[in-house]
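One structure below.
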Amino acid sequence: MMYKIIYDQPGRLRVRMGKHAFTKEQGYGIEQLAKPFSDVWEIETNPITGGILIHYEPHARSTVLSFLNDLNPQVIAEAKPTDVTVSREMDQRFRGILVKLGLVYLAKRLLLPIPIRKGLTLIKAIPYLKQGVMSLLSGALNVSVLDASALLVCLVTKDADTASTTMTLLELSGHLEDYTFKKAKQSLSQSLKLNIDQVWQVAGDLLTETPTSQIDINDVIRVASGSTIPLDGHVIGGEALVNESAMTGESHSLLRRSGNRVYAGTVIEEGSLDICVTARYDETRIHHIITRIETNESLKAQMQTKAERLAQTVVPLSFLLVGVTWLFTRNLKRAVSVLMVDFSCAFKLTTPIAIISAMNEAAQKSMLVKGGKFLEGVALADTIVFDKTGTLTESKPKVEKVIPLGVLSREEVLKISACLEEHFPHSVAKAVVAAAEEEGISHREEHDKPEYIVAHGIASTLYDQKVCIGSWHFIVEDEGVVPTADQQVLIDAHKVGYTSIYLALGDQLEGMICIKDTLRTEAAGVIEKLKTLGIKRVVMITGDSEPVAASVAETLGIEDYWANVLPEAKADLIKELQASGYTVIMVGDGINDSPALSSADVSVAMKAGSDIAKEVADITLMKDDLTGLIELKELSQRLVKQINRNYTTIIGFNTGLILLGAIGVIQPATSALLHNGSTLVLCTMNTKIR
């Protein structure tokens with residue numbers, strides 16, 4: 001492809017290939033082609049001029065030129081824009097709108113004769129006047145009526161310049177609101193995506209790399225060990241351990257084989273699966289979350305609803321002030337100056353912009369907030385309830401004790417256990433293997449092929465005897481291995497405060513391994529900080545035993561805890577707190593906590609291995625770190641303070657304008673300029689939460 005270098009400096013190169021060198025979609029394709037080059041960190045294309053702007057590492061100029069030289073316009077594939085491109089184009093469109101509005105306004109004022117200028121102003125005012133009339137006919141005295149009245153008075157009094165300025169500012173306000181909302185929502189959508197562009201598609205004996213967006217329902221894909229499952233589906237081949245903690249809250253990986261369902265965002269830890277796709281790329285659960293954020297009116301904060309109601313309520317007040325000004329001054333210009341001041345516009349715009357800006361900031365800090373009402377709920381909450389496992393603990397269990405119960409020594413119990421467990425890398429198995437490695441115990445395989453029994457344990461053959469390792473239920477109840485009285489005494493003495501697994505050889509119980517979840521290192525500090533931020537009561541709910549719960553609560557400084565709680569009972573405890581007058585945040589780790597999560601005023605879910613948000617929670621911490629709760633609480637409190645400041649500023653500034661207009665200090669045009677200008681400034685300021 002022929003090109004001309006327009007600008008060439010280290011790290012930045014602009015070339016031009018001429019008009020019609022490539023289409024807009026091919027431009028996106030060129031941007032995609034540059035993705036594999038790590039030294040090229042941004043590329044922009046312009047199909048109108050055939051221009052390409054490349055930002056790159058200064059040492060990689062030869063790579064960039066080679067890339068340009070290899071471009072063939074005949075084979076450049078069309079593509080869709082990336083998230084970065086969509087964001088950039090959105091910025092460019094908005095800048096273009098600002099420039100266009102400014103140039104058109106100045107051109108009319110400076111170049112057109114007054115009669116033509118007035119005629120254009122009248123034509124431009126017709127839609128505003130029509131909208132005002134339609135509102136009146138429908139029985140609504142709203143902002144449209146106020147705007148139409150202000151424009152009508154200006155036109156009747158032959159003050160076309162004020163009318164023109166007012167309409168330009170109203171148009172600018174509308175574009176600013178639209179840009180701010182779209183930008184924030186685009187940022188939210190970008191933060192949620194799995195960003196898996198390519199998958200391996202299975203067709204007979206062929207395995208081809210295919211764009212994820214091109215995979216259809218009933219297509220078959222293969223996902224290997226260590227990879228994130230990109231699409232919802234059911235398994236038709238293979239066998240693998242899948243970490244589904246992000247979707248279910250289950251801390252242990254689960255065996256998935258033919259017939260099982262799997263979900264986008266879950267991770268294959270060991271094995272490989274052939275998956276028949278049941279949901280397209282844009283139909284997975286994550287896309288339903290995005291749609292819910294963008295469209296669900298019920299997710300509005302009470303602050304936003306209040307602002308919208310207030311915006312409509314103050315319109316009659318504005319007309320009343322205009323009437324009072326006219327009654328006492330008999331001066332039409334002063335009355336028009338008052339009419340130009342509209343409290344409702346600023347009320348209506350600043351609050352939703354502030355809320356969505358806060359949601360965007362939360363997304364940038366790896367927190368998914370599904371609606372403004374939940375940020376408000378966090379700000380008002382005075383109680384936080386934690387699930388223990390996977391929330392206050394890291395779901396990385398560690399072996400604390402190895403207790404021999406039969407003829408085998410402690411080292412032999414750990415050796416055989418590790419030898420069996422190493423084949424199944426779920427978290428408990430990893431803990432056993434790690435304990436053997438730490439003690440330098442070699443565990444050469446002497447058993448037959450082990451069989452993994454999901455949610456129970458492992459069975460194999462050793463020394464011509466059946467060997468099993470797993471839960472009490474598996475060893476004692478399923479396999480019928482009965483402990484002796486002496487063994488039971490030892491078990492009772494050591495099991496308190498731990499999760500235990502048992503090793504049996506033949507029909508004899510040979511050992512127990514006591515395992516304990518590791519507390520999150522940040523948990524105690526987070527709880528202490530939350531108390532300083534207005535949380536009056538911290539509660540822990542767990543299905544673990546009383547001794548385990550008591551130990552964790554004491555370590556973390558939690559005064560209230562409930563132990564031995566079944567999932568369905570957690571919701572009842574949440575409701576008890578609410579009935580006592582508390583506003584409750586529930587922090588859990590998945591669907592197994594869903595009754596409690598759905599009962600709380602605000603529910604927060606932890607990320608546990610995937611970037612996908614949990615549908616059952618109002619808010620998801622997409623970093624596996626509790627410190628996000630502090631950021632969440634601080635952000636929500638800053639949001640509430642900012643909205644309250646907005647109210648004070650709007651009322652104070654606009655009241656001042658009304659007084660100045662009523663006494664004749666400022667003219668209608670100045671009143672309109674200051675009012676609309678202040679609204680724009682406030683909207684801009686609310687794009688960041690301070």
Side-chain angles (χ1 to χ4, degrees), residues 25 28-29 31-36 77-84 86 189-250 252-291 368 423-426 452 454 590-591 607-615 620 622:
E25 288 72 24
Y28 298 146
E31 295 177 22
Q32 296 281 5
L33 287 173
K35 268 190 173 183
E78 296 185 348
K80 292 182 178 181
T82 63
D83 291 318
V84 173
V86 170
S189 299
Q190 183 176 345
S191 72
L192 297 178
K193 290 183 178 177
L194 290 175
N195 294 320
I196 302 174
D197 298 322
Q198 302 283 328
V199 296
W200 290 104
Q201 184 176 6
V202 181
D205 295 330
L206 294 177
L207 194 63
T208 56
E209 194 171 19
T210 307
T212 310
S213 58
Q214 294 181 15
I215 297 296
D216 207 346
I217 293 174
N218 294 326
D219 284 347
V220 178
I221 61 173
R222 181 168 296 168
V223 186
S225 178
S227 299
T228 300
I229 296 174
L231 298 163
D232 298 347
H234 63 267
V235 180
I236 62 170
E239 189 173 277
L241 281 170
V242 180
N243 184 338
E244 297 186 348
S245 54
M247 292 298 295
T248 67
E250 171 62 54
H252 305 313
S253 299
L254 299 177
L255 186 66
R256 290 292 178 243
R257 49 165 68 108
S258 184
N260 294 140
R261 287 194 60 82
V262 290
Y263 298 96
T266 58
V267 178
I268 294 181
E269 290 188 343
E270 187 75 14
S272 174
L273 295 176
D274 285 356
I275 300 168
C276 181
V277 174
T278 58
R280 297 181 182 88
Y281 183 68
D282 57 354
E283 295 173 348
T284 55
R285 293 185 176 188
I286 190 63
H287 289 276
H288 292 309
I289 292 172
I290 296 170
T291 303
L368 166 64
H423 296 279
F424 301 94
H426 51 73
Y452 179 69
V454 176
I591 292 174
K607 177 216 172 184
S610 171
D611 290 335
I612 192 169
K614 302 173 185 65
E615 290 185 358
T620 299
M622 293 185 288

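None of the values given here were measured: they were computed from a predicted structure.
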*Where P230 and T212 come nearest, the two heavy atoms and their spacing*: CB-CG2, 4.5 Å
*Which atoms form the tightest heavy-atom contact between V242 and R256, and what is the distance?*
CG2-CG, 3.7 Å
*Looking only at heavy atoms, which two atoms of A79 and Q32 are closest? And how far apart?*
CB-CG, 3.9 Å
*Shortest non-hydrogen contact from I215 to R280?*
O-CG, 4.3 Å
_Strictly distance-based, threshold 3.5 Å: is any side-chain N or O of D232 a donor or acceptor partner for the main-chain N or O of A264?_
yes
*Can you measure from CD (Q201) to CZ (R222) and round to the nearest 0.5 angstrom?*
12.0 Å
*CG of D216 to OG1 of T210: how many Å apart, nearest 0.5 Å?*
12.0 Å
*Approximate separation, where rounding is to 0.5 Å, of H234 NE2 and T278 OG1*: 7.5 Å
*Between V235 and V262, does a side-chain contact (heavy atoms from CB on, under 4.5 Å) hold up when you go through it step by step?*
CA-CA 7 Å; V235 180; V262 290; 3.9 Å; yes
*side-chain contact (heavy atoms from CB on, under 4.5 Å) between N260 and L273, worked out*: CA-CA 11 Å; N260 294 140; L273 295 176; over 6 Å; no
*Supply the atom-to-atom distance I221 CD1 to W200 CH2, rounded to the nearest 0.5 angstrom.*
13.0 Å
*Grab the two heavy atoms, one from V223 and one from I268, that are nearest each other, plus how far apart they are.*
O-CD1, 3.4 Å
*Heavy-atom closest contact (I236 atom, C276 atom, distance)*: CG2-CB, 3.9 Å
